[in-house]
There are 2 protein chains.
Amino acid sequence: MAVSKSELQRRIQAFSDACSRKGLRVTHQRMEVFWALAVSDAHPDAESVYQRVRSRVTGISRDTVYRTLATLESKGLIRKAAALGGSARYDANMANHHHFVCTACGLIKDFSSKVLDDLPIPKTVESFGRIDASQVQVRGVCVSCAKRKPKKRRRSPK
Amino acid sequence: MAVSKSELQRRIQAFSDACSRKGLRVTHQRMEVFWALAVSDAHPDAESVYQRVRSRVTGISRDTVYRTLATLESKGLIRKAAALGGSARYDANMANHHHFVCTACGLIKDFSSKVLDDLPIPKTVESFGRIDASQVQVRGVCVSCAKRKPKKRRRSPK
DNA sequence: TTCCTTAATAGGAATTATTCTTATCTGGGG
DNA sequence: CCCCAGATAAGAATAATTCCTATTAAGGAA
């Protein structure tokens, strides 16, 4: 479950270096937020990170955790898992298909591919539980977001 | 963009039948919510569905839309796209990897696979925008959720 | 058709998730 | 050591989702 001690050390050092390289200040809070994320592979949500960090840094604010996570994600130092938008998006198309997701505006486009419909899922995955379906998610920046310059981030489009 | 008229008709009829078959009442609101979803491939969020339906069914409540979407999803009549939990989940592991997601409790487990790391993405996807990465998401029910009976749905685990 | 049971709904309050605002603080270059 | 732009704390504000309760209506039975 947990990451090995030495590996954790290495990742945290690498993170610190990466911050400096990218012009991000190496603050105590930032290091702790990254630590909370790197110390396990549980993919915690922001509130969980906040709780974990708070036990080590008294007085840290939720906002700092949210802001730090967003900053690190925008710098490519961490990733959002699965969920990309603040709100759930629904799909009435139950046929096998895959998604292109714009990380800037949340746009989702469908595409289909015979090859991708039947992926070879490793046997190890079966030990996690019953498998119902698999789907490919392609992340990128859609054409219209690429045009309008470095516009500010926006919420899921209607 | 839009689905053809006859195809839409067919899907709505099939939906109505499926409701009956699964013991769900075929209510006006339910049909309209499904219609709002099936009429386009824009993967709207709950609020968008609410706005669309409200223009046809005066007085429908947000709660009905949220409840209906959750019900239909639990019956396998619609799907949630990309986002699975109410809150964003983060990942400090930037190495190429894929996810098993439990649709019952939100658990996320990582797995890796050389084959899946380099999938053949159809050329059509390139027309949507710049591609940054692709990842496989396997959905299912984890071992511990499979054990504890038909327990109620829960929020993202900490 | 009419009646009945109970799932489903409306409306709004409550809760949860996330972002914003403002005053204050501090990492790290000079 | 000094400075200041980038970071933070605290809590208000906003957005997303669920809960609560009284009322309505789908659809099986009579």
Side-chain angles (χ1 to χ4, degrees), chain A residues 15-34 44-51 53-54 56-75 77 80-90 106 152-158, chain B residues 15-34 44-51 53-54 56-75 77 80-90 106 152-158:
Chain A
F15 172 72
S16 174
D17 295 347
C19 281
S20 302
R21 224 172 323 111
K22 303 205 177 204
L24 293 177
R25 289 187 182 165
V26 179
T27 66
H28 184 199
Q29 291 88 338
R30 223 161 240 173
M31 292 306 288
E32 288 293 339
V33 166
F34 182 79
D45 58 17
E47 178 65 17
S48 307
V49 170
Y50 169 66
Q51 294 301 340
V53 172
R54 200 163 65 130
R56 298 165 52 112
V57 185
T58 56
I60 192 170
S61 72
R62 276 195 180 73
D63 183 57
T64 295
V65 172
Y66 277 96
R67 190 167 18 74
T68 301
L69 290 172
T71 302
L72 300 187
E73 202 216 346
S74 75
K75 294 290 182 178
L77 296 172
K80 271 194 183 178
L84 283 168
S87 51
R89 305 283 293 273
Y90 291 89
K152 60 189 61 175
R153 185 163 30 133
R154 57 179 44 191
R155 314 194 55 70
S156 62
K158 306 315 181 209
Chain B
F15 172 70
S16 174
D17 295 347
C19 281
S20 303
R21 222 173 324 111
K22 302 203 177 205
L24 293 178
R25 291 184 183 170
V26 179
T27 67
H28 184 199
Q29 291 88 338
R30 221 161 242 174
M31 293 305 289
E32 288 293 339
V33 166
F34 182 79
D45 58 17
E47 178 66 16
S48 306
V49 171
Y50 169 66
Q51 294 300 341
V53 172
R54 200 163 65 130
R56 298 166 51 112
V57 185
T58 57
I60 193 171
S61 72
R62 275 195 181 74
D63 183 57
T64 295
V65 171
Y66 277 96
R67 190 166 20 74
T68 301
L69 290 172
T71 302
L72 299 187
E73 202 216 346
S74 75
K75 295 289 181 177
L77 297 172
K80 271 194 183 180
L84 284 168
S87 50
R89 304 283 292 273
Y90 291 89
K152 59 188 61 174
R153 184 165 30 137
R154 55 181 43 193
R155 314 195 52 72
S156 62
K158 305 314 180 206

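Predicted model, so just to flag it, every value in this text is computed and none were measured. Just so we're on the same page: letters track the sequence lines, and every chain starts at 1.
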Novice: Calculate the interatomic distance between A:Tyr50 atom OH and C:dT16 atom C1'; express it in whole Å.
Specialist: 14 Å

Novice: Look at B:Ser61 and C:dA10 and indicate whether a side-chain polar atom (N or O) is within less than 4.0 Å of OP1 or OP2.
Specialist: yes

Novice: Need one value for A:Arg67: base, sugar-phosphate or nothing, where a base atom within 4.0 Å counts as base even if backbone is also close, heavy atoms only.
Specialist: base

Novice: Between the two end axes of the helix from C:dT1-D:dA30 to C:dG30-D:dC1, each built from 5 base pairs, what angle do you get to the nearest 10°?
Specialist: 40°

Novice: Please write out the pairs of protein N or O atoms and N or O atoms of nucleotides 19-22 of chain D separated by less than 3.5 Å, giving the distance to one decimal.
Specialist:
residue, atom, partner, partner atom, Å
D:dC19, N4, B:Asp63, OD1, 2.5
D:dC19, N4, B:Asp63, OD2, 3.4

Novice: Could you go step by step and tell me if B:Thr68 and B:Gln29 meet the side chain to side chain contact (heavy atoms under 4.5 Å, CB included) rule?
Specialist: CA-CA 8 Å; B:Thr68 301; B:Gln29 291 88 338; 5.5 Å; no

Novice: Give the rounded distance in Å between these two atoms: CE of B:Met31 and P of D:dG27.
Specialist: 11 Å

Novice: To the nearest Å, give me how far apart CZ (A:Arg62) and P (D:dA13) are.
Specialist: 17 Å

Novice: CZ of B:Arg54 versus P of C:dA10: gap in Å, rounded?
Specialist: 12 Å

Novice: Restricting to ring pair (Phe, Tyr, Trp, His ring centres under 6.0 Å), what partner residues turn up for B:Tyr66, sequence neighbours left out?
Specialist: none

Novice: Calculate the interatomic distance between A:Asp45 atom CG and C:dT16 atom P; express it in whole Å.
Specialist: 13 Å

Novice: What is the distance from OH of A:Tyr66 to C1' of C:dT19, rounded to the nearest Å?
Specialist: 9 Å

Novice: If you round to the nearest 0.5 Å, how far is CG of B:Leu69 from CZ of B:Arg30?
Specialist: 11.0 Å

Novice: Would you kindly compare B:Gly59 and B:Gly23 by the position of their nearest DNA chain C nucleotide and give the one closer to the 5′ end?
Specialist: B:Gly23

Novice: Run the numbers on B:Val57 and B:His28 for side chain to side chain contact (heavy atoms under 4.5 Å, CB included), then give the verdict.
Specialist: CA-CA 9 Å; B:Val57 185; B:His28 184 199; 4.0 Å; yes

Novice: Roughly how far, to the nearest 0.5 Å, is the NZ atom of B:Lys75 from the SG atom of B:Cys19?
Specialist: 10.0 Å

Novice: Measuring from A:Arg56:CZ to A:Glu32:CD, what's the distance to the nearest 0.5 Å?
Specialist: 4.0 Å

Novice: Can you tell me the distance, in whole Å, between the CD atom of A:Glu32 and the C1' atom of D:dA7?
Specialist: 16 Å

Novice: Distance check needed: D:dA25 C1' versus B:Ile60 CD1, whole Å only.
Specialist: 15 Å

Novice: Just to confirm, is there a sub-4.0 Å distance from OP1 or OP2 of D:dT24 to any side-chain nitrogen or oxygen of B:Gln29?
Specialist: no

Novice: Closest heavy-atom contact between B:Val49 and B:Val65?
Specialist: CG1-CG1, 3.8 Å

Novice: Checking side-chain hydrogen bond (donor to acceptor under 3.5 Å, both in side chains) for the pair B:Asp17/B:Ser20: CA distance, chi angles, key distance, verdict?
Specialist: CA-CA 5 Å; B:Asp17 295 347; B:Ser20 303; 5.6 Å; no

Novice: Using a cut-off of 4.0 Å between protein heavy atoms and nucleotide atoms, how would you tag nucleotides 23-30 of chain C 5' to 3' with B, S and -?
Specialist: ---BBS--

Novice: Could you tell me which residues satisfy side-chain contact (heavy atoms from CB on, under 4.5 Å) with A:Ser61, sequence neighbours excluded, listed by chain and number?
Specialist: A:Asp63, A:Thr64

Novice: Without swapping roles, check the side chain of A:Arg62 against the backbone of A:Tyr50 for a donor-acceptor pair under 3.5 Å.
Specialist: no

Novice: Residues two or more places apart in sequence or in another chain: which of them pass ring pair (Phe, Tyr, Trp, His ring centres under 6.0 Å) with A:Phe15?
Specialist: A:Phe34

